[in-house]
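This report refers to the structure that appears directly beneath it.
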Amino acid sequence: MTQRKGEKPTISIQEHMAIDVCPGPIQPIKQISDYFPRYPRGLPPTAPQPVGHAGPLRSALSTPAAAAAPPESDRPNEDSPERACAGASASLQAVRRDEEPDVEGYDSDDSTTLGTLEFSLQYDQENNALHCNINKAKLPVPRYKKGLKPMDHNGLSDPYVKLHLLPGASKANKLRTKTLHNTLNPVWSETLTYYGITDEDMVRKTLRISVCDEDKFRHNEFIGETRIPLKKLKPNQVKNFNNCLEKQLPVNKTEDKSLEERGRIMISLKYNTQKSCLVVGIIRCAHLAAMDANGFSDPYVKTYLKPDENKKSKHKTAVKKKTLNPEFNEEFCYDIKYADLTKKTLEVTVWDYDIGKSNDFIGGVSLGINANGERLKHWFDCLKNKDKKIERWHTLTNELPGSVND
């Protein structure tokens, strides 16, 4: 091909591609891992450096003295653990210097975002009562909202507080506050009281406090809970709490269901030496299990002094309509010699009266020399203190004493 004077030399497409694809000696192709630092296990990762930009360690080495640095082939491996540790430490210090913790922007975990609850507890030892004052609930973080975790579509809740004594799976151990509507900062200032709480209960019981959202069209939603072992309380002293609400914890279901608590009953015992009789007083019941569909019961109490050979020891109180906390204040006399009391057992049962069908058994308790705990102590105190009325609270269980039938 001839070329005129003054013309630029032309290159064919074949020659052009050959030049592009053969620029020189073949270089190794970089792997994807070359673009990401390798850190030893346990070091926190730092922000990756863009390709072509010097990292904090390389910047320190990029000085005029770098001209006298050894050749690339003689440099130590940049991916070695020692070099990675140094780079990570320098980067981490730089990040700590540049960033200050933003307390208000802190995003807490579920244990705090569920909310907090302020309340106080007091054990009235003289009256065997546990007073629970539910004050208010709130959520201090995050900053864009304060109060409980919103459960409704409008971003608010209809919260109420529910108390539950554990162990005990029945409704007899549950109390609740009123419901406050459309709020994330509820203030109840409400006192709920458990009656019939003994020193034995204070050692082995735990108070579960749950905050729930009331929903008229669906099931009520759980918000959070906190649990307080009653052994932390000192008698007749108010203890204040401000606890973070936690996720729902499983209830121990390994309890013996035959000993499920069904409420409390206050019984008085007195041996009258002048009349040679045992006076049994049925004073009141508290927190009975609801047996009717309306959420209440129609309770009455029956007593037996066993063994009962003549079948004449049965006594029955009046029926109290539609209540779970009935007051009876009735007394029954059993003609018996003082020496024979050591051979007897007092059985007390509580029933729900129903019209047209069998009455429902609510709970029962037995007092005598074969009992234990508070029941045995009550019986011995009666024997030791003649002509003195001894009152005690006792726990009702769903275990039917003896073979008593209604």
Side-chain angles (χ1 to χ4, degrees), residues 128 164-165 167-176 194-198 255-269 278-336 344-368 370-371 373-375 378-379 391-406:
N128 295 103
H164 188 185
L165 275 179
S170 71
K171 294 182 179 180
N173 284 319
K174 296 180 181 178
L175 300 176
R176 61 164 290 175
Y194 279 103
Y195 294 100
I197 302 297
T198 63
E255 302 172 12
D256 186 0
K257 292 187 177 181
S258 65
L259 298 179
E260 178 185 338
E261 295 184 5
R262 309 299 293 273
R264 307 296 174 97
I265 184 170
M266 177 180 276
I267 302 173
S268 67
L269 297 178
L278 176 67
V279 181
V280 178
I282 304 300
I283 302 174
R284 60 180 297 192
C285 294
H287 317 301
L288 293 179
M291 308 301 292
D292 297 337
N294 59 8
F296 294 96
S297 294
D298 302 320
Y300 67 94
V301 180
K302 294 192 301 181
T303 64
Y304 296 84
L305 191 62
K306 293 191 172 183
D308 183 16
E309 298 176 355
N310 299 324
K311 306 292 183 181
K312 295 182 179 180
S313 69
K314 175 181 175 181
H315 290 283
K316 184 189 299 185
T317 68
V319 177
K320 302 296 181 179
K321 295 288 186 178
K322 199 177 180 181
T323 179
L324 300 180
N325 299 279
E327 293 190 11
F328 299 99
N329 295 315
E330 297 187 32
E331 290 185 344
F332 309 112
C333 291
Y334 291 98
D335 294 327
I336 184 174
K344 296 292 185 177
T345 298
L346 178 67
E347 293 183 353
V348 181
T349 55
V350 183
W351 299 81
D352 171 51
Y353 177 76
D354 290 321
I355 301 177
K357 60 179 182 178
S358 299
N359 297 332
D360 299 321
F361 173 71
I362 297 178
V365 62
S366 297
L367 285 74
N370 295 323
E374 291 289 333
R375 296 169 293 171
H378 192 186
W379 190 256
E391 295 181 354
R392 292 283 190 278
W393 280 97
H394 296 283
T395 300
L396 298 170
T397 66
N398 66 340
E399 184 178 30
L400 192 64
S403 58
V404 177
N405 295 320
D406 186 37

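Owing to the predicted nature of the structure, the values given are computational and were not obtained by experimental measurement.
- Annotation: side chain of Leu288 is not in contact with side chain of Arg262 (no heavy-atom distance under 4.5 Å).
- For His315, the ring pair (Phe, Tyr, Trp, His ring centres under 6.0 Å) partners are Phe332, Tyr334, not counting sequence neighbours.
- Of the possible donor and acceptor atoms, none in the side chain of Thr345 sits under 3.5 Å from a partner among the backbone N and O of Gly368.
- Heavy atoms only, all atoms of each residue included: Leu396 and Ile265 are closest at CD2-CG2, 3.6 Å.
- Considering only heavy atoms from C-beta on, Arg264 comes within 4.5 Å of Ile197 through its side chain.
- Put simply, the side chain of Asp308 gets close to the backbone of Ser313: a donor and an acceptor are under 3.5 Å apart.
- Side chains of Asn325 and His287 form a contact here, defined as non-hydrogen atoms less than 4.5 Å apart.
- In this structure, the salt bridge (Lys or Arg N to Asp or Glu O under 4.0 Å) partners of Arg392, at least two apart in sequence or on a different chain, are Asp381.
- With sequence neighbours excluded, the residues that form a ring pair (Phe, Tyr, Trp, His ring centres under 6.0 Å) with Phe361 are Trp351.
- The closest side-chain heavy-atom distance from Cys285 to Phe328 is below 4.5 Å.
- One distance of note links NZ of Lys316 with OG1 of Thr303; it measures 11.0 Å at 0.5 Å rounding.
- Rounding to the nearest 0.5 angstrom, the gap separating the OG atom in Ser297 from the CG atom in Asn359 is 11.5 Å.
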